[in-house]
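Inspection log for the structure reproduced underneath, given as structure tokens.
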Amino acid sequence: MSSSPILELVGLRKAYGPLEVLRGIDLAVRAGEMVCVVGPSGSGKSSMLRCCNRLEEPTGGRIVVDGTEITGGGVDINALRQKIGMVFQQFNLYPHLSALGNVTLALRKVRGKSAAEADALGLAALKRVGLADKAKIYPGQLSGGQQQRVAIARAIVLQPKLMLFDEPTSALDPETVGEVLKVMRELRESGMTMLVVTHEMGFAREAADRVIFMDGGAIVEQGPPHEIFGAPKHERTRAFLTRYTSWA
Amino acid sequence: MKLPRLCLSFAVAALVSTSAAAQTLKTGVDATFAPHAMRTLGGQLQGFNIDLGNELARRLGKKLEIEGTEFSGLVPGLNAGKYDFVLAVVTATPERAKSMLFTEGYLNQDFSFVEKKSAPGIKSLEELKGKTIAVNKGSAYEAWCRDNAAKYGFKFDVYGTNADAVQAVQVGRADASLAGNTVAGWIAKQNPAVNATFTISTGLVTALAFRGNDKAGRDAASMALKCMKKDGFIAKAAQKWFGFTPAADSAAVVIAPGHGVPGLEGYDPSPVTLKC
Amino acid sequence: MDGLARLLDTFFNTEVAARYWPDILAGVWITIGVGVAVTATGLALGFALAILRAKQTPWFSIPIVMFADIMRALPPLIIIIVFFFAFPLIGISMSAFTATWLSLSLVLAAYAEESLWGAILSLPRGQSEAARSTGLTWWQTMCAVILPQALRLALPPLTNRVIAVSKNVALGSVVALSEVLNNAQSATSTAGNPTPLTMAAAAYLAIFIPAMILARRMENRMQWRV
């Protein structure tokens, strides 16, 4: 395991006109680490995540992914995005393609794989998330949890160096949340580097290597879960966690 | 579009039979056909055929309603009972006589070509080879083109109005347009960009057209026409609108025997005593 | 039944029909020819413009929006007349076929562009975000993810528009295009009998009723598979 971080945010800023959403974020995620980001809505968690693969454009600062500065000029963003997998709150599966079609699209278009090669790799990814038998099924006929797992398979099939999760379980029924968290745990066990924005405190507490609490566009505090959840240093952290853990 | 209007007229005609003793005669003209029928600046209709129609109605003791419309809509309108007769310039041809009843002729029909002033000018029909002629849709000139295109080797395009046909010549989409000599003369007088050139004598006449089964209407109008010729009305109107006095042997002067155009279907040769 | 006999003789005269059916048939080929050409170029141009507009550069978007608004606001007849009668004055002369085809193509393109653009806009942003985040380029995303979905949304309402614009081929008669209606009107005047118009009506039914059945079938097929 190399010691240089897979993801580095240096002084990351994002503003919409006069509204500052990110006020200078410094963050480093090492290879194999799972970092969970928690905080109230409007704290800038999603914006920060979406800047990491430039779905949103930072207005200041630098982002370095696997040694390449992605915010620099002359960067091939499409090539870089293959190294970063993203999973969305709303799954965003392509409704006109089957589960296997969803997973293999990028393999065929971007990696130029033949249909047979792509299908083989796609089926393997679906197997990892426990949905190999649903390969030919269309998203419209899958449950929310199944759709999210297909979305995870779609991201991991490209063998990214880093996975970004934007509130992956917030749109799911409570019964299906568990199956998605299970897949995420297995991913972490296999050594994937993960940055997860989530409201699932229980999951963050027992699966994360590091928890980051954000509020008002800045990182308020970060540390191992037992520290953040057990002995938060800041008043704002404490206030936030009380709201959440009162019925945890 | 003609079709919806035709269907509506069709329905009306089917329900309402011949409206007998009507005090108003309804007719139609192409109102862009100077000097036979055209609009004043105030939107009123004027022209040779307008004067003809008004005088005819006066002699028949009826009011006249004239509608300005596209020429090719007139025959369907007549058949549907929308018009009692067609006042527009209609050349009496054998083919048309199969479906319509004509009065005798009131003008001789000669055809003239209208060309751009800058053109060398057609001097004989042989020179038509390879040229494009613009004509008014459904007119006798179109029929002439249809019959002679192969013989003289020219192409022809049909336009909704005579004005469009002349416009086509001016923008270079056609080499010449073909129209009656009275019309061609008027156009050449009004439009400095074009000239009336070669004239074809056809031996045909212009007459008023009635529905095929309206012998009573045709005969009444025919009588009025004869009286108008006797009084010299038509000759005077020709002088006023065309600038020439018709020859003594032309259709505008000669009162034909019987009702209709001699030699065509629908002609009634039984002798007629003039009642004016 | 004298009334019925007169009706048949006036509108269904077999002798007149026998004389003029070649003219009507010739007009049918022209109408179909222009209609098919207009559909092909109109849809192709309209979709291309919508895709260009999706690039979201003002250099493209502003002229495209102006084009779509102008072409949908102007009566097609005026556009045909301008192309045929006015353009020669600036040195561009075109045949009746070209003027009619060009005008109606531009009109259909405007409607097609608006239709596809509306469909593209209606898709969730997440679709293109997900595709781009797997490394697909803008163009690959458009072809593989956006267009397959947007076209399925845009085409059913467009079938009505295609049929309406194709019927407008009859406007070409104003510039002497020898399509069905024009030929029928000529024949009617030359014969002094409106039977050719009845034949033209029958021809329109023969052309457009199959088109409508085809359109309905396509609509059903696309809705079913969403």
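Per chain, numbering begins at 1; letters A, B, ... match sequence-line order. Only heavy atoms go into these numbers, but all of them, side chains included; no hydrogens, no water, no symmetry mates.
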Please flag which part of B:Phe156 lies under 4.5 Å from any non-hydrogen atom of chain C: side chain, backbone, both or neither. neither
Taking C-beta and beyond as the side chain, do B:Pro76 and C:Thr188 meet within less than 4.5 Å on heavy atoms? yes
Closest heavy-atom pair, C:Val174 versus B:Tyr159, reported as atoms and distance to 0.1 Å, is O-CD2, 3.6 Å
Reported CD-to-OG distance for the pair B:Glu142 and C:Ser186, which is rounded to 0.5 angstrom: 3.5 Å
Can you see which heavy atom on B:Ser99 is nearest to which on C:Ala191, and at what distance? OG-O, 3.4 Å
Would you say C:Arg217 has more than 12 foreign heavy atoms packed within less than 6.0 Å of its CZ? no
Could you look at B:Val75 and say if it's the side chain, the backbone, both or neither that has a heavy atom under 4.5 Å from chain C? side chain
B:Glu95 versus C:Thr190: any side-chain heavy-atom pair under 4.5 Å? yes
Part of residues 93-115 of chain C lying next to chain B, heavy-atom separation under 4.5 Å: C:Ser93, C:Met94, C:Ser95
Heavy-atom side-chain contact between B:Arg146 and C:Asp23 under 4.5 Å: yes
Around atom CZ of C:Phe60, are there more than 12 heavy atoms from other residues, nucleotides or ligands closer than 6.0 Å? no
Do you know which of B:Lys98, B:Gln167, B:Met100 has the most heavy-atom pairs under 4.5 Å to chain C? B:Gln167
Spacing of C:Asp9 atom CG and B:Asn79 atom CG [to the nearest 0.5 Å]: 9.0 Å
Count the heavy atoms belonging to other residues, nucleotides or ligands that lie under 6.0 Å from CZ of C:Arg72, then report whether that count exceeds 12. yes
Might you confirm whether atom NZ of B:Lys117 has over 12 heavy atoms from other residues, nucleotides or ligands at distances under 6.0 Å? yes
Specify which of C:Ile81, C:Val175, C:Leu171 makes the most heavy-atom pairs with chain B at under 4.5 Å. C:Val175
With side chains defined as the heavy atoms from C-beta onward, is the minimum distance between B:Asp164 and C:Phe85 less than 4.5 Å? yes
Point-to-point distance, once rounded to the nearest 0.5 Å, from CD of B:Glu70 to OG of C:Ser173: 7.0 Å
